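Please read the structure below before turning to the comments.
Here is how names work: the chains are called A, B, and so on, in the same order as the sequence lines, proteins then strands, and each is numbered from 1. This one's a predicted model, so the numbers in the text were calculated from it and none came from an experiment.
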Amino acid sequence: MRPFSYEQAATPAAAAAAAARNPDAKFIAGGTNLLDLMKLEIEKPAHLIDVNGLALDKIESTPDGGMRIGALVRNTDLAADARVRREYPLLSRALLAGASGQLRNSATTAGNLLQRTRCPYFYDTNQACNKRDPGSGCAAMQGFSRQLAVIGSSNSCIATHPSDMAIAMRALDATVETVQPEGAARKIPIADFHTLPGDTPHIENTLTRGELITAVTLPKPVGGKQLYHKVRDRSSYAFALVSVGLIVQPDGTGRVAVGGVAHKPWRVEAAEAELPRGAKAVAKPLLAGAKPTHDNEFKLTLVERTLEVVLSEARSAA
Amino acid sequence: MQGPGNFDLSRRDVLKLGAAATAAPMMTKAQQAATDAAVVTTVSLTVNGKTHALKLDTRTTLLDALREHLQLTGPKKGCDHGQCGACTVLIDGRRTNSCLTLAVMHQRHKVTTIEGLGTPTRMHPMQTAFLKHDGFQCGYCTPGQICSAVAVLAEIKAGIPSHASSDLMASMQPTQSEIRERMSGNICRCGAYSNIIDAITEVAQTKVST
């Protein structure tokens with residue numbers, strides 16, 4: 001790990017301003033991903049701004065009947081919140097499918113959205129990776145790509161976003177609230193928050209320099225049956241090969257977001273119109289334009305079959 | 001015409017150039033040292049009921065502070081990347097991977113290690129149960145397993161759901177499937193899992209019956 005100076009920020013705006021002043025600064029909250037990457041010298045901040053004291057750890061109702069989740073609410077506390085369990089069960093289910101009990105106790109709402117890919121070529125500093133070292137190439141494309149992206153990828157990068165929580169946030173139409181270095185607040189719809197790799201895979205979201213996430217808001221509950229199904233190589237504590245978050249209403253309409261397939265939570269609103277016609281009908285427009293590798297083309301079938309599993313679960317859970 | 005003066009001057013120039021030539025890399029090294037220098041800060045840590053003032057490099061993880069500075073070697077360094085759970089300690093009662101957090105971030109918290117849970121003469125019920133059920137072989141993962149297990153039962157009691165909970169709204173029970181899922185962040189290379197689950201189940205049942 002490289003040496004770094006350390007400060008505890010006094011206010012969210014002061015944290016953002018401090019980060020904007022120092023291009024080598026990073027925010028630290030739970031630290032579960034950042035410290036992992038700092039030990040490997042993939043992340044090399046010269047200065048850490050500890051945001052844990054900023055009192056952004058409340059879950060509140062919003063005037064429109066929705067919910068505001070503070071950026072520092074820990075994954076355990078969000079999953080266990082009585083209102084989340086009752087009114088946004090997809091969010092609880094997605095959170096509980098991720099990581100371990102220890103990690104969920106530390107990991108925060110904002111940090112979960114900002115976690116980096118677990119692509120093994122990003123983690124191995126001896127390998128070419130356009131995300132870690134822009135312009136160096138992508139060793140994953142000719143390598144073991146079984147876990148990696150099948151859609152929305154580019155010739156520069158086939159990494160996936162690893163978050164389960166973000167899949168639920170995408171299906172629930174969450175909004176990311178931020179404060180910018182000059183103190184102004186901004187709201188970013190979750191659909192516009194994460195970016196596709198294109199030829200700049202080192203850019204993973206639309207935050208600007210120094211901008212700090214303060215909260216994630218959810219619109220008022222949409223009801224319906226909410227299910228999250230994660231397919232992985234072991235039954236606990238593993239990243240998804242494919243995951244499906246589903247909200248389905250009594251009339252058969254609904255929403256689907258998919259994890260483990262792209263650089264961002266994958267949702268195609270036009271495909272959701274096919275939900276009453278079943279998994280196959282949804283999968284076709286949902287995965288249109290997919291460019292899998294030989295190693296991960298099975299994910300296309302796996303998405304369709306996982307969707308079929310959750311749809312039949314939704315039908316049987318009357 | 002080159003007189004001696006000129007020669008001296010030119011010689012001095014050469015020396016200057018030479019000095020500059022050797023000074024340049026020295027400067028670079030000095031600047032490098034400045035940016036690479038460890039940042040040391042005073043950290044107050046409350047561990048197992050005692051408060052300690054430590055001078056620590058900011059890079060010191062909570063795990064390294066416990067093991068290397070406070071000689072509390074119960075928490076183990078397994079993977080050092082939050083994957084194995086051997087470093088699990090309780091921070092304000094919540095189980096945490098101490099390898100993935102910095103000591104400097106925990107000055108207002110109460111840290112409990114395996115040494116604070118029980119001693120050889122006054123064991124915690126979970127330690128007694130691990131012994132009774134042979135919940136280990138080499139023992140390296142055991143302090144983390146026991147800290148995690150104590151927190152798992154507290155989480156179930158507090159009604160925190162897990163991936164294994166079929167009903168998110170129901171009260172949580174310490175069933176086998178719940179314990180297996182909740183303990184998945186603690187890896188045991190010797191594979192003592194079935195005995196670990198027996199030990200935790202026994203403590204859970206004792207707690208329910210009392």
**Message:** Heavy-atom pairs under 4.5 Å with chain B: which of Ala99(A), Ser100(A), Gly101(A) has the most?
**Reply:** Gly101(A)
**Item:** Within-4.5 Å side-chain heavy-atom neighbours: Leu96(A) and Leu168(B)
**Value:** yes
**Request:** Determine whether more than 12 heavy atoms belonging to other residues, nucleotides or ligands lie under 6.0 Å from atom CZ of Arg180(B).
**Result:** no
**From Leu35(A) atom CG to Arg59(B) atom CZ, the distance as rounded to the nearest 0.5 Å** = 12.5 Å
**Request:** Looking only at non-hydrogen atoms, find the nearest pair between Asp77(A) and Arg94(B) and report the distance.
**Result:** OD1-NH1, 3.1 Å
**Asked** What part of Ala29(A) gets closer than 4.5 Å to chain B, counting heavy atoms only: side chain, backbone, both or neither?
**Response** backbone
**Prompt:** Minimum heavy-atom separation for Arg93(A) to Ser162(B), with atom names?
**Reply:** NH1-O, 3.9 Å
**Item:** Interface moiety of Asn52(A) toward chain B, non-hydrogen atoms closer than 4.5 Å
**Value:** side chain
**Residue pair Asn186(B) / Gln102(A), side-chain donor-acceptor N/O under 3.5 Å** = yes
**Fill in**
Under 4.5 Å to a heavy atom of chain A? For Asp167(B) that would be backbone
**Complete:** The interface call for Ala97(A) against chain B, heavy-atom contacts under 4.5 Å, is both
**Message:** To check you understand the geometry: which heavy-atom pair defines the closest contact between Phe4(A) and Thr58(B), and what is its length?
**Reply:** O-OG1, 2.7 Å
**Asked** Could you state the interatomic distance from CE (Met1(A)) to OG1 (Thr60(B)), rounded to the nearest 0.5 Å?
**Response** 8.5 Å
**Prompt:** What closest approach, in Å, do Ile160(B) and Ala80(A) show between heavy atoms, and which atom pair accounts for it?
**Reply:** CG1-CB, 4.0 Å
**For chain A, the option from Ala164(B), Ser165(B), Gly85(B) that forms the most heavy-atom pairs under 4.5 Å** = Ser165(B)
**Asked** Any chance CZ of Arg83(A) has more than 12 other-residue heavy atoms, nucleotides or ligands included, within less than 6.0 Å?
**Response** yes
**Asked** Does the side chain of Asn105(A) come within less than 4.5 Å of Ile91(B)'s, by heavy atoms?
**Response** no
**Request:** Take atom NZ of Lys39(A) as the centre, draw a 6.0 Å sphere, and report whether it contains more than 12 heavy atoms from other residues, nucleotides or ligands.
**Result:** yes
**Item:** Heavy-atom side-chain proximity of Ser184(B) to Arg234(A) below 4.5 angstrom
**Value:** no
**Atom of Leu103(A), atom of Gly82(B) and distance for their closest heavy-atom approach** = CD1-O, 3.9 Å
**Within-4.5 Å side-chain heavy-atom neighbours: His163(B) and Ser236(A)** = no
**Asked** Using non-hydrogen atoms only, which part of Asp57(B) is less than 4.5 Å away from chain A: side chain, backbone, both, or neither?
**Response** neither
**Atom pair CZ/CD of Arg108(B) and Gln8(A) - distance to nearest 0.5 Å** = 5.5 Å
**Request:** Would you mind telling me which of Val39(B), Thr61(B), Thr101(B), Val104(B) has the largest number of heavy-atom pairs within less than 4.5 Å of chain A?
**Result:** Val104(B)
**Prompt:** So which of Met183(B), Met105(B), Arg182(B), Glu181(B) has the largest heavy-atom pair count under 4.5 angstrom toward chain A?
**Reply:** Met105(B)
**Message:** Counting C-beta onward and ignoring hydrogens, is there a side-chain heavy-atom pair between Thr32(A) and Asn97(B) closer than 4.5 Å?
**Reply:** no
**Asked** Can you tell if the side chain of Leu102(B) reaches within under 4.5 Å of the side chain of Asp50(A), non-hydrogen atoms only?
**Response** no
**Request:** Let me know if Leu34(A) has heavy atoms under 4.5 Å from chain B in its side chain, its backbone, both or neither.
**Result:** neither
**Complete:** Bottom line for Arg74(A): the part with an atom under 4.5 Å from chain B's heavy atoms is side chain
**Asked** Any chance CZ of Arg305(A) has more than 12 other-residue heavy atoms, nucleotides or ligands included, within less than 6.0 Å?
**Response** no
